[in-house]
Amino acid sequence: MSSPVVTRFAPSPTGYLHIGGARTALFNWLYARHHGGRMLLRIEDTDRERSTQGAIDAIIEGMRWLGLDWDGEVIFQYARAERHREVAESLLASGNAYRCYATAEELAEMRERARAEGRPSRYDGRWRDRDPAEAPAGAPYVIRLRAPTEGETVVEDAVQGRVTWANRDLDDLVLLRSDGTPTYMLAVVVDDHDMGVTQIIRGDDHLTNAARQTQIYRALGWEVPAMAHIPLIHGADGAKLSKRHGALGVDAYRDLGYLPSALRNYLVRLGWSHGDQEVFSTDEMVSAFDLKAIGRSPARFDFAKLENLNGLYIRGAADADLVAGIEAMLPTIGAARGLSAPLPELLRETFIAAMPGLKERAKTLIELLDSAYYLYAARPLALDEKAKGLLGEEARARLAEVLPVLEALPEWNAAATEAAVRHFAESSGVKLGQVAQPLRAALTGRTTSPPLFDVLAVLGRNESLARLRDQAARS
RNA sequence: GCUCCCAUCGUCUAGCGGUCUAGGACGUCGCCCUCUCACGGCGAAAACAGGGGUUCGAGUCCCCUUGGGAGCGCCA
């Protein structure tokens, strides 16, 4: 009992899976899952110059990380070039397309003049009704669609509503290049048709393409799939998303310490809403998702909100999952902290044991890792001179007591440190996290005095100091 | 330049002609909790771009202006 709904995500492998693409993929995925249908993944690699294997890998890995699975095999558009060519030939045979021998120079001049005269810049159809016999023998040609010149082309869009173009504003697009390869416009139509796509969901930068593709569908006598063009995501300043504001690959978000569940939740609320609900489990998203609730105006990317959501998800995550997430980031961010890919078993277990106290205050996995600094700090431990300078009188006095002990700490294992710090925390009646962060601050001097004061107070008054000293002496 | 799309707090948004003295969330600012930070709780400031219509009545419908955005390739 297969459902008729088929969506597809069709990125071109010319870079990483950026945040806008990730949201498009998410919407396609949600729509398909909501309707019990299938989502296909098609790599649009017909541009041989710019497509790279690295980009393909990055896209696939990005989707996996985000938890967006697709149905069936990945489809590569380039592999279908022969089929595209056949379709172009059939259009030529049916009279819905024609050979155009205009040179690149002619086309450039055409555009320039049209622009100068304030006319829309488009192909003037000079070979549309001309006898191909007039072309210089052996001259290269492209195949163009013989598009209607009168009437209008209408796109019924689930998000944008009914959008209309006068056919005179749409020119005869190229279907097959002079080297015999298909253009994007032809390939998309043929592939979506052959793949049985029923619902196209993509960025609204494709809205104009939707009209031109509709003309191709009509010329072919094929049914036009339902369309939904979603608004683009903009940067914090309202301008087009650039690297500066978040047009990073999803791998960058992973390395910034964001959880895929949090990113999904953030992304789904960008342009889509369900009443006042802000937090959605994956199941809730799937059941609530509806194209009609997608807005038409572009949304700006806001790191602050993503971060808030991420903190929420971290607090609710399983301890082992958080540590697994941290480990996944280690290849890129571990070196700076003296940590590498698979955590030693004992350290990993200690990390997990420390999570309940630490995750209460972390907004990203990076913060979580840093707050656990006391577990993996280089030994012997030493307090930062600058940090010491920030202390008040009372704290300074306490420091005098504690410092010799801290500075005497030799090589030490994480479990022992965890046990000692946990003991401090418990016997002082505070949460582990309240000790961990200040401890890191005291060791690195990366924070101002309040937390530093705190850890010293905890350490200084704690009776387990003696135990700590004993342990240190033993090892 | 041409075509198309968009316009509610700083940001994401609710609002589908009257229930809007415009709701929620993030952020910001206060207060509480607390040995700091965070979490949590309470509260505050904060928006219908402007102008014309239509209507008994407009944030909600229409038009114009202004302001954004996208597209205009033998790129995708």
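Order of the sequence lines sets the chain letters (A, B, ...), proteins ahead of strands, with each chain counted from 1. What you see is a predicted model; the values in this text were computed from it and never measured.
- Between A:D179 and A:D276, the one whose closest nucleotide on RNA chain B sits nearer the 5' end is A:D276.
- Using a 4.0 Å heavy-atom criterion, one finds that A:V142 contacts the bases of the nucleic acid, with or without backbone contacts as well.
- At a threshold of 4.0 angstrom between heavy atoms, the contacts of A:T46 are confined to the sugar-phosphate backbone, with no base atom among them.
- Regarding contacts with the backbone of B:rG40, a side-chain N or O of A:R315 is found under 4.0 angstrom from either OP1 or OP2.
- Using a distance-only test at 3.5 Å, with no hydrogens or angles considered, a donor-acceptor pair links the side chain of A:R264 to the main chain of A:L66.
- A donor-acceptor contact under 3.5 angstrom links the side chains of A:N265 and A:Y313, judged on distance only.
- Atom CH2 in A:W272 sits about 11 Å away from atom P in B:rA14, given to the nearest Å.
- Distances shorter than 4.0 Å separate some side-chain N or O of A:R144 from OP1 or OP2 on B:rC74.
- Atom CE of A:M227 is separated from atom P of B:rC4 by 18 Å (rounded to the nearest Å).
- Contacts of A:L176 with the nucleic acid, taken as non-hydrogen atoms under 4.0 Å apart, are absent.
- The base of B:rC74 is paired with the side chain of A:S178 by a donor and an acceptor separated by under 3.5 Å.
- Dashed line: the shortest gap from a side-chain N or O of A:N308 to OP1 or OP2 of B:rG27 is under 4.0 Å.
- Side-chain N/O atoms of A:D45 and base N/O atoms of B:rA76 include no donor-acceptor pair closer than 3.5 Å.
- Residue A:S51 is out of contact with every strand shown, counting any heavy-atom pair closer than 4.0 Å.
- Across all strands shown, B:rU3 forms a Watson-Crick or G-U wobble pair with B:rA70, both key distances being under 3.5 Å.
- For A:R23 and A:F27, the positive end sits near the middle of the six-membered ring, less than 6.0 Å away and at most 45° from its axis.
- Donor-acceptor pairing under 3.5 Å, judged by distance alone, is absent between the side chain of A:K363 and the base of B:rA38.
- Regarding contacts with the backbone of B:rA14, a side-chain N or O of A:S273 is found under 4.0 angstrom from either OP1 or OP2.
- At the heavy-atom level, A:R296 lies under 4.0 Å from the strands shown only through sugar-phosphate atoms.
- If you check every strand for non-hydrogen atoms under 4.0 Å, A:G271 touches sugar and phosphate atoms only.
- If you check every strand for non-hydrogen atoms under 4.0 Å, A:A102 touches a base.
- Closest approach to the A:K305 side chain among B:rC39, B:rG24, B:rU13 is made by B:rG24 (side chain taken as heavy atoms from C-beta onward).
- B:rA45 makes up no base pair with any nucleotide shown, lacking Watson-Crick or G-U wobble contacts both under 3.5 Å.
- The partner of B:rG10 is B:rC26, by the rule that a Watson-Crick or G-U pair needs both atom distances under 3.5 Å.
- The residue A:N209 sits close to a base: some heavy atom pair falls under 4.0 Å.
- Residue contacts shown for A:E44 are limited to sugar-phosphate atoms, with no base heavy atom under 4.0 Å away.
- A:R48 forms a cation-pi arrangement with A:Y78, by the criterion of a distance under 6.0 Å to the ring centre and an angle within 45° of the ring axis.
- Closest to the side chain of A:S12, out of B:rC6, B:rA76, B:rU11, is B:rA76.
- Note: A:F289 and A:W272 meet the aromatic proximity criterion, with ring centroids under 6.0 Å apart.
- Taking a cutoff of 4.0 Å between a charged side-chain nitrogen and a carboxylate oxygen, A:D204 and A:R296 do not qualify as a salt bridge.
- Donor-acceptor pairing under 3.5 Å, judged by distance alone, is absent between the side chain of A:D205 and the base of B:rG71.
- Proximity note for A:Q77 (side chain, C-beta onward) versus B:rG27, B:rA76, B:rC4: the nearest is B:rA76.
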